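See below for the structure under consideration.
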Amino acid sequence: MNTLIFRTVAPFLTALMLLFSVFVLLRGHNEPGGGFIGGLIAASGLAIYGIARGVGAVRRALFFHPLSIAGFGLLLSTAAGLLSILFAVPFMTGLWIYPTLFGAEVPLSSVMLFDIGVYLVVLGAITSIALALEEKEVE
């Protein structure tokens, strides 16, 4: 399956899947989608890239070990929950701020922080599993 066409198209397909995963992540706050499905789409894109170019290429593209990405995501998700305790509201209560960026008011919430954390956990865990399976296949 590792044809010249596949190796040529894989980087573009991976970039498109990563971009779409971020769209699904950001859209999931108000519509179907969110961190979990966005993370699965991103991990699938990286798995395709790994099949085409090898595990080493994916590890170089990520900069960090996939389990470190998952750990950071878990830290973000936990921080989103603990943030509500600091404001004396029940655990995991959504908190909102409205900063002004370039003259436009941008609503930001702790729910989005939690979704980004879930995205990173799923991305890191599934990518780690996929890379481990791809390494075993090569041997």
Side-chain angles (χ1 to χ4, degrees):
M1 170 104 184
N2 200 3
T3 64
L4 177 62
I5 295 171
F6 181 60
R7 286 193 314 260
T8 305
V9 171
F12 299 108
L13 183 61
T14 300
L16 185 63
M17 289 179 77
L18 290 173
L19 184 64
F20 182 65
S21 76
V22 172
F23 168 75
V24 169
L25 166 69
L26 296 176
R27 170 195 148 140
H29 182 67
N30 296 319
E31 296 180 21
F36 187 80
I37 190 66
L40 286 177
I41 293 169
S44 299
L46 292 174
I48 288 172
Y49 189 68
I51 292 168
R53 297 290 176 105
V55 174
V58 175
R59 292 195 189 278
R60 284 189 301 275
L62 283 177
F63 298 112
F64 299 104
H65 192 279
L67 290 180
S68 297
I69 295 171
F72 182 69
L74 187 60
L75 181 70
L76 280 180
S77 295
T78 304
L82 295 176
L83 192 61
S84 60
I85 292 175
L86 295 176
F87 288 94
V89 294
F91 182 68
M92 295 295 287
T93 299
L95 302 170
W96 292 85
I97 60 170
Y98 299 92
T100 303
L101 297 174
F102 304 111
E105 189 176 80
V106 180
L108 297 175
S109 72
S110 61
V111 178
M112 180 56 83
L113 184 65
F114 179 79
D115 252 356
I116 292 170
V118 170
Y119 176 89
L120 292 174
V121 167
V122 172
L123 171 65
I126 301 298
T127 301
S128 181
I129 291 168
L131 292 179
L133 290 173
E134 289 175 18
E135 283 176 343
K136 294 291 183 189
E137 185 179 304
V138 172
E139 290 177 357

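In this chain, residues are counted from 1 in sequence order. No experiment lies behind these values; they were computed from the predicted model shown.
Val121 is not connected to Leu46 by any chain of hydrophobic side-chain contacts under 4.5 Å among Ile, Leu, Val, Met, Phe, Trp and Tyr, and they are in different clusters. The hydrophobic clustering, which links ILVMFWY residues whose side-chain heavy atoms are closer than 4.5 Å, places Leu101 and Leu108 together. The same ILVMFWY cluster, assembled from side-chain heavy atoms under 4.5 Å apart, contains both Leu13 and Ile51. There is no path of hydrophobic side-chain contacts, each under 4.5 Å, that joins Val89 to Met92. The cluster map of Ile, Leu, Val, Met, Phe, Trp and Tyr, joined by side-chain heavy atoms under 4.5 Å apart, puts Ile129 and Leu67 in different clusters.
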(request) Before giving the answer on side chain to side chain contact (heavy atoms under 4.5 Å, CB included), spell out for Met17 and Tyr49 the whole-Å C-alpha distance, their side-chain angles and the decisive distance to 0.1 Å. (result) CA-CA 11 Å; Met17 289 179 77; Tyr49 189 68; over 6 Å; no
(request) Under the side chain to side chain contact (heavy atoms under 4.5 Å, CB included) rule, what do Val58 and Arg53 come out as? Steps first, then yes or no, please. (result) CA-CA 8 Å; Val58 175; Arg53 297 290 176 105; over 6 Å; no
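Taking each heavy atom of Ala42 and Leu18 in turn, the nearest pair found is CB-CD2, 3.6 Å. Pairing each heavy atom of Leu83 with each of Ser110, the nearest pair is CD2-CB, 4.3 Å. Nearest heavy atom pair, residue Ala43 against residue Ile126, reads CB-CG2, 3.6 Å. What you find for Phe91 and Ser84 is that their closest heavy atoms are CA-OG, 3.4 Å. In this structure, Arg59 and Pro66 approach most closely via the heavy-atom pair NH1-CD, 3.9 Å. Of all non-hydrogen atoms in Phe36 and Val118, the two that sit nearest each other are N-CG1, 3.7 Å.
Annotation: Phe63, atom CZ; neighbour count of heavy atoms from other residues, nucleotides and ligands within 6.0 Å does not exceed 12. In this structure, Phe12 places its CZ atom where only 12 or fewer heavy-atom neighbours from other residues, nucleotides or ligands lie under 6.0 Å away. Applying the 6.0 Å contact sphere to CD1 of Ile5 captures no more than 12 heavy atoms from other residues, nucleotides or ligands.
Checking side-chain atoms of Ser44 against main-chain N and O of Leu40 turns up a donor-acceptor pair under 3.5 Å. At distances below 3.5 Å, not a single donor-acceptor pair connects side-chain atoms of Ser77 with backbone N or O atoms of Leu74. Without hydrogens or angle criteria, Ser109 side chain to Trp96 main chain gives no donor-acceptor distance under 3.5 Å.
Taking the side chain as every heavy atom from C-beta outward, Met112 and Leu26 approach each other to under 4.5 Å. At least one side-chain heavy atom of Leu76 sits less than 4.5 Å from a side-chain heavy atom of Phe72. With a 4.5 Å cut-off on side-chain heavy atoms, Ile37 and Ile41 count as touching.
For the atom pair Leu62 CG and Leu123 CG, the distance stands at 7.0 Å (nearest 0.5 Å).
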